[in-house]
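Remarks on the structure that follows.
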Amino acid sequence: MIRQGNEKEKGRMTRLRCYRQFILFILSCISLGASERISSKTYVIVSGNVACIRRLNGTHQVGCSSEINGNVGVLHYINDTDSLNWLINSGPHQPYVALLTSLNFNRDTVQQLRNSKKITGIIVIHTDDSATTPLPDSFSPADKCPGDLYGLYHNNQEYGNCKKVTWNEDGNGMFFEDFEFPISIVTNKNETDYLINNCYLKFNQPTQGVPREYPLCAVQMKSRMAAAKDSETCIRRTNTPTNLNPDKYCDALGDKNVIGFFKDVPEDYKPEKKSIILAMARMDSYSLFENIYPSADNQVSGIVALLAAAEALRKYKDHFDNTTKDILFTFLNGEAFDYIGSTRMLYDMDKGALPLKLKMDHVDRIVEVNQLAYREEGRIWIHADPVSRNDPNISSEIDDMISTILDIGKNLSDIVGAVNQTQPLPPASTQKFLQKTPVPALVLTDHKKTFTNKYYNSRFDLAKTISAMVNASDNGYNHVTDQASNLTVAATLLARSLYTLATGSPAPEGLMAEQQSVTHMLYCFLISPNCELFKQVIPPAREAFDDLASQKSPYPFYVSVYGQINNVTRIIQRLLTHYIGTVEKNHTESCTSSEKASLQLYNYLWMAGPLNSDNKTRTVTCVKSRVTQTKAYSPAFEITDYNGWGGFQYSTWTESSWATNALLLRVFLIPSKAMEVGLLCTGIFFILASLGLVYFITRKSTSLFSLDNEIEMTPR
């Protein structure tokens, strides 16, 4: 009987524990659901948030990063001098997050905010709406003398550090600043309206200069970057594993160059000395904010002109034989970051790692196209290196090249001019090649002296600023803009100049760039990559078409981190192949959809081809060419025990990795300090009361949860 009583008591206690665990489980589920609902009601997430990121070189870190858990501050909208001065002189609720218009976001304003010690972050309005994002008169986060430290005139007493010409007078150098707080742009107009109307105006705007009372509207900005100090430190930390899952703090910048030899040659072809003309353009740029790299004038104008010239020359390919020079069309990547692409090309020349074991000895002359969209005095300007002119032979050849191009330009509405012989080269890849070996070289640009591009390497270097804007929703693809007309003439000038320099004969009158091709390229690069031209040259695979269709904005012209090939690099390789290659009538086994670098004499690419008459199917083509990719990756990251991090031989740029769950921007209300203390005390009181209640129930559980203690006695 006693045993039966004990067993019944144990059963009662077991049921009691089960009841308690079940109740705790139900309460936990309710609490979790409630916390999620509370979170959604407490915070408003801003999704159109694009952050300023951190990069590093051999000696410094630049860019932005937040604290580990983000930076929190009261939102203050700055749209004029009065609102700026109020925050600096009167604002009592620091730290603040400053919300700036496109006109107010400049070096002077940011520096005043930094010096005030009152801000913990900056948000910049940057939408497609011209009313909320008006164009400033100028904005360039680059410095005033781009690329000087790694250029031809570094340490030159006469030309170094822009002594003769300050190329980028509008440069404010903000890209090379190390900001101790996060900076982001918001690209969604509805979200910028919410920040202004539902956050700042509703809760924070001072009333006749008097601060508002709590609650106030605050913003949490989180854009945590993992790297710090400089590239050498970051790479060393990355290469020193501390656990089984080592952290990666940064990645070296780099991608691929695209090169394409023009002439058709036999399989046993070996180039002779001084047999190649190098025709170059740059492919990349930068801006303060991630993935916002439009580069309309900075890169696209030169790329389009060179590709259109290549297409025009293809019609006269049979004029090029073993008595003429070859043309090497070269598109260099990473040039905005201390000449990554050109430096690597020269390094590979020394190592015999380029197709045909190409070396500088094979290069006869260089013609580079740079910015071409904003023409000073309505002309394209020819620049040459005055230092190279110290060699009489080179000086004479430079004069001959200039004379040839000027004569060609006279027949094209006199669109060409030559700058003073004592003026140095502007920032250009040509400088790196001349550092290696002096050769006759020219750079064609739209500026006579100082840049005419007021938005050099900035988010405002857009299609609309170079008169190339069309509507993507209508027939903008075929609409000939003013810029398309101008670049067609520039491409014709370039094509005829290259023809004459390579063959030694006057260019045929019929050698002209196609206006339609220029129009289509401008649209595809600056408006939408989901265009017919790009569809013709991509691989004939559903994934490739789906990728194009998914693109909601132009491809970014940023070199990015080394490892995956950029979309811009892929498409330029395919366009160049399309323009100077030969369609194979019989599809061969040699043709491949691969775009990897190759040292073979000829390469083959499958292309989707043009639409058929049914406007649904396409004629897939196999194109044979001498176009390939080469590395655009600094040797500094491949040389064992490299010790030149503080020097100026090789680029040392890296990009910081993101920390876990690093990117966030959300809005919420904050109470006064007194209310926060009151809520804390109330919470502590309820916790203590709850603990006391639990203790009481546990001690009195026998009487509170008693069961019938009568035990029926059964005779044994």
Side-chain angles (χ1 to χ4, degrees), residues 46 49-54 62-66 71-127 129-144 168-187 191-193 195-196 199-201 204-206 209 211 217-219 221 223 286-290 292 454-462 465 665:
V46 178
N49 163 38
V50 181
C52 160
I53 62 176
R54 174 171 290 169
V62 301
C64 317
S65 179
S66 72
N71 295 32
V72 176
V74 175
L75 187 72
H76 185 73
Y77 180 41
I78 297 175
N79 60 348
D80 55 28
T81 304
D82 290 340
S83 55
L84 172 64
N85 291 336
W86 186 90
L87 184 152
I88 294 173
N89 300 319
S90 306
H93 302 305
Q94 64 190 64
Y96 285 94
V97 169
L99 177 63
L100 302 179
T101 67
S102 56
L103 299 180
N104 294 107
F105 182 63
N106 52 60
R107 186 183 181 89
D108 289 341
T109 301
V110 172
Q111 199 58 47
Q112 288 183 64
L113 292 171
R114 291 178 79 178
N115 293 339
S116 73
K117 307 295 183 182
K118 283 188 173 183
I119 66 163
T120 190
I122 292 176
I123 300 173
V124 184
I125 298 172
H126 184 79
T127 69
D129 179 36
S130 58
T132 57
T133 310
L135 276 173
D137 293 334
S138 64
F139 184 85
S140 173
D143 54 22
K144 294 184 181 296
N168 188 28
E169 285 189 345
D170 297 301
N172 56 40
M174 289 178 67
F175 181 87
F176 300 98
E177 288 278 340
D178 179 26
F179 295 100
E180 63 275 12
F181 47 77
I183 303 177
S184 293
I185 60 173
V186 176
T187 59
E191 291 179 336
T192 60
D193 290 343
L195 288 170
I196 295 171
C199 181
Y200 173 74
L201 294 179
N204 298 353
Q205 185 182 33
C217 185
V219 175
M221 299 181 67
S223 55
Y286 56 74
S287 77
L288 276 174
F289 303 100
E290 186 181 29
I292 309 292
K454 301 295 184 181
Y455 308 109
Y456 181 78
N457 278 344
S458 88
R459 67 191 191 281
F460 296 113
D461 193 6
L462 301 163
T465 63
L665 198 155

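For this chain, numbers begin at 1 and follow the sequence in order.
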For residues [X] and [Y], determine if any side-chain heavy atom of one lies less than 4.5 Å from a side-chain heavy atom of the other.
X    : Y    : answer
L201 : I196 : yes
N115 : I88  : no
S90  : P211 : no
V110 : F179 : yes
Y455 : L135 : yes
N457 : F175 : no
N172 : P141 : yes
Y96  : N204 : no

Original post:
Out of F460, F139, F289, which residue meets the ring-ring contact (aromatic ring centres under 6.0 Å, His included) rule with H126?
Top reply: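 Exactly one option meets the ring-ring contact (aromatic ring centres under 6.0 Å, His included) with H126, and it is F460.
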
Original post:
Donor-acceptor pair, N104 side chain versus L100 backbone, under 3.5 Å?
Top reply: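 Side chain of N104 to backbone of L100, a donor-acceptor pair under 3.5 Å: no, none is there.
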
Original post:
Side chain of T465, backbone of L462: donor and acceptor closer than 3.5 Å?
Top reply: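 Side chain of T465 to backbone of L462: a pair is present.
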
**OP:** Decide whether D461 and S458 meet the rule of one side-chain donor and one side-chain acceptor closer than 3.5 Å.
**Re:**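 Per modelled atom types, D461 and S458 side chains form no pair under 3.5 Å.
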
Subject >> Between S184 and N49: side-chain donor-acceptor atoms closer than 3.5 Å >> reply: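 Yes - a donor-acceptor pair under 3.5 Å links their side chains.
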
How many angstroms lie between [atom1] in [X] and [atom2] in [Y], if you round to the nearest 0.5 Å?
X    : Y    : atom1 : atom2 : value
M174 : F105 : CE    : CZ    : 3.5 Å
T133 : I185 : OG1   : CD1   : 9.0 Å
C64  : F181 : SG    : CZ    : 7.5 Å
L103 : N79  : CG    : CG    : 10.0 Å
I183 : I123 : CD1   : CD1   : 11.0 Å
R459 : T187 : CZ    : OG1   : 11.5 Å

**OP:** Start with the C-alpha distance between K118 and H76, add both sets of side-chain angles, then the distance that settles side chain to side chain contact (heavy atoms under 4.5 Å, CB included), and finish with yes or no.
**Re:** CA-CA 11 Å; K118 283 188 173 183; H76 185 73; over 6 Å; no

Original post:
Can you tell which of V186, I125, V219 makes a side chain to side chain contact (heavy atoms under 4.5 Å, CB included) with L99?
Top reply: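 Testing L99 for a side chain to side chain contact (heavy atoms under 4.5 Å, CB included) against V186, I125, V219 leaves exactly one candidate, I125.
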
**OP:** Go through the structure and list residues passing salt bridge (charged side-chain N to carboxylate O under 4.0 Å, His left out) with K454, not counting sequence neighbours.
**Re:**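 Partners of K454 by the salt bridge (charged side-chain N to carboxylate O under 4.0 Å, His left out) criterion, ordered by chain and then number, come out as D170.
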
Original post:
Can you check side chain to side chain contact (heavy atoms under 4.5 Å, CB included) on Q94 and K117, steps first, answer last?
Top reply: CA-CA 9 Å; Q94 64 190 64; K117 307 295 183 182; 5.9 Å; no

**OP:** Mind checking side-chain hydrogen bond (donor to acceptor under 3.5 Å, both in side chains) for S140 and listing every partner two or more places apart, or none if nothing turns up?
**Re:**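 Once residues adjacent in sequence are excluded, the partners of S140 under the side-chain hydrogen bond (donor to acceptor under 3.5 Å, both in side chains) criterion are N168.
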
Original post:
Looking only at heavy atoms, which two atoms of A142 and F176 are closest? And how far apart?
Top reply: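 A142 and F176 have their closest heavy atoms at CA-CE1, 4.2 Å.
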
**OP:** For S223 and S66, work out which heavy atoms get closest and say how close.
**Re:**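 Heavy-atom minimum between the residues: N-OG, 2.9 Å.
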
Original post:
Checking side chain to side chain contact (heavy atoms under 4.5 Å, CB included) for the pair R54/D178: CA distance, chi angles, key distance, verdict?
Top reply: CA-CA 8 Å; R54 174 171 290 169; D178 179 26; 4.1 Å; yes

Original post:
Does a sphere of radius 6.0 Å around CG in D137 hold more than 12 heavy atoms from other residues, nucleotides or ligands, not counting ones at 6.0 Å or beyond?
Top reply: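 Open.
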
